[in-house]
Undergrad: 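The structure is given below, and queries will be raised subsequently.
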Amino acid sequence: MISMTVITSALELGFIYALVALALFLSFRILNIADMTTDGAFTLGCAVSATVALTGHPYLALPAAMVLGACAGIVTALLQTRWGVPSILAGIITNTGLYTVNLAVMGFSSNVNLLRAATIFSPFPSMKLIPALLITAVVAATLVVFLNTRLGLSIRATGDNPDMVRASSINTGLTVTIGLAVSNSITALSGAVLAQYQKTADINLGTGMVIIGLASLIIGETVLRGRKTWVKVLGAVVGCIIYRFIIAVALRLDLPSECLKLVSAVIVAIAIALPTLKKKKGGKVKC
């Protein structure tokens, strides 16, 4: 049986990782860019958050992580828009460089311990769900508002039809740069919150984060269908919560933790293939 503790933990982690899904919604769905910076930006957020929290400023750690995450996104965008590096390769290059940067932020140590440091969860020792929910709700609402501003609409148009945007005298390089900066700042925020939630930061925490984010995003799109921006944003959050419950069930079934990455890959594959399978099934029925 799944206990209340397991449910609460799944919700807490669901809301924290939902920030990654929101970030990928912006880069992958809106800008139509497969941003591989995600893994490194997530770890960067963990590293910055842990390091700043150790100095006694856990709340300051969150905006600090977001600023550096945005910088990582800008580097990827510049490689893509200024130097002509393909988007996937640009993300891989930045992600590779971030490994050393993350180690440097943590004092060239592979992990940082926060067991004796105050965190944003310290005022809520038995209800960590409250800050996790509030942070994700604020980011989700802000993202919806941002995407409906003039700049946000320009970013959305860039992902839909960059040629038309250029014809309208809009600088697509600028919109891509802003979009990736915002996306990676949200990813870094997710890492920052997780580091304080787990009271530890590890150099490998960001590994496979793209898979987790995509799984959550696609699950959410399957569950909540709608063309409005707020529905898609809500779907990303709901999808991540469902994903964490699937992982929780897998753990309750005594599935080895080493197999969780495989479970994530299978979930993503099924979620991506599901619409195609439905169409094929529908086509057979019509025939």
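Counting from 1, the numbers follow the sequence of the chain as shown.
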Undergrad: How long is the span from the CD1 atom in I120 to the CG atom in L62, to the nearest 0.5 Å?
TA: 5.0 Å
Undergrad: Applying side chain to side chain contact (heavy atoms under 4.5 Å, CB included), run through T43 and L98 and close with a yes or a no.
TA: CA-CA 9 Å; T43 307; L98 281 175; over 6 Å; no
Undergrad: Would you confirm whether T222, through its side chain, and I218, through its main-chain N or O, come within 3.5 Å as a donor-acceptor pair?
TA: yes
Undergrad: Taking T55 for its side chain and V52 for its backbone only, find out whether a donor-acceptor pair lies under 3.5 Å.
TA: yes
Undergrad: Measure the shortest side-chain to side-chain distance between L13 and L194 over non-hydrogen atoms and say whether it is less than 4.5 angstrom.
TA: yes
Undergrad: Strictly distance-based, threshold 3.5 Å: is any side-chain N or O of R166 a donor or acceptor partner for the main-chain N or O of T172?
TA: no
Undergrad: Can you check whether L180's main-chain N or O pairs, donor with acceptor, with S183's side chain at less than 3.5 Å?
TA: no
Undergrad: Assign the ring pair F121 / Y197 to parallel, tilted or perpendicular, where the plane angle (0 to 90°) is split at 30° and 60°.
TA: perpendicular
Undergrad: So do I135 and L19 actually touch side chain to side chain, heavy atoms under 4.5 Å?
TA: yes
Undergrad: Could you tell me whether the side chains of T94 and T37 share a donor-acceptor contact shorter than 3.5 Å?
TA: no
Undergrad: Check whether any side-chain heavy atom of F245 lies under 4.5 Å from a side-chain heavy atom of I242, and answer yes or no.
TA: no
Undergrad: Report yes or no: does Q196 contribute a side-chain atom to a donor-acceptor pair with the main-chain N or O of A53 at less than 3.5 Å?
TA: no
Undergrad: Name the residue from N102, V101, N95, L103 that meets the side-chain contact (heavy atoms from CB on, under 4.5 Å) definition with Y99.
TA: L103
Undergrad: Give a yes or no on whether the backbone of A77 and the side-chain of T177 come within a donor-acceptor separation of less than 3.5 Å.
TA: no
Undergrad: Working to the nearest 0.5 Å, report the span between OG of S109 and CG of N111.
TA: 5.0 Å
Undergrad: Please round to the nearest 0.5 Å and tell me the distance separating atom CG of N204 and atom OG of S110.
TA: 8.0 Å
Undergrad: Would you say R156 and N148 make side-chain contact, with heavy atoms under 4.5 Å?
TA: yes
Undergrad: Under the 3.5 angstrom rule, does the side chain of D35 hit a backbone N or O of G91 as a donor-acceptor pair?
TA: no
Undergrad: Is any side-chain heavy atom of F124 less than 4.5 Å from a side-chain heavy atom of P131?
TA: yes
Undergrad: At what distance, to the nearest 0.5 angstrom, does CE of M106 lie from OG1 of T51?
TA: 7.5 Å
Undergrad: Nearest 0.5 Å, please: how far is CG in L217 from OH in Y243?
TA: 13.5 Å
Undergrad: Is any side-chain heavy atom of L151 closer than 4.5 Å to one of F146?
TA: yes
Undergrad: Please lay out, stage by stage, how T136 and I16 fare under the test side chain to side chain contact (heavy atoms under 4.5 Å, CB included).
TA: CA-CA 7 Å; T136 301; I16 293 173; 6.0 Å; no
Undergrad: Should F25 and I186 count as side-chain neighbours, where that means a heavy-atom distance under 4.5 Å?
TA: no
Undergrad: Find out whether V165 and N161 are in side-chain contact, i.e. whether some heavy atom of one side chain is under 4.5 Å from a heavy atom of the other.
TA: no
Undergrad: Counting only heavy atoms not in M209, do more than 12 sit closer than 6.0 Å to its CE atom?
TA: yes
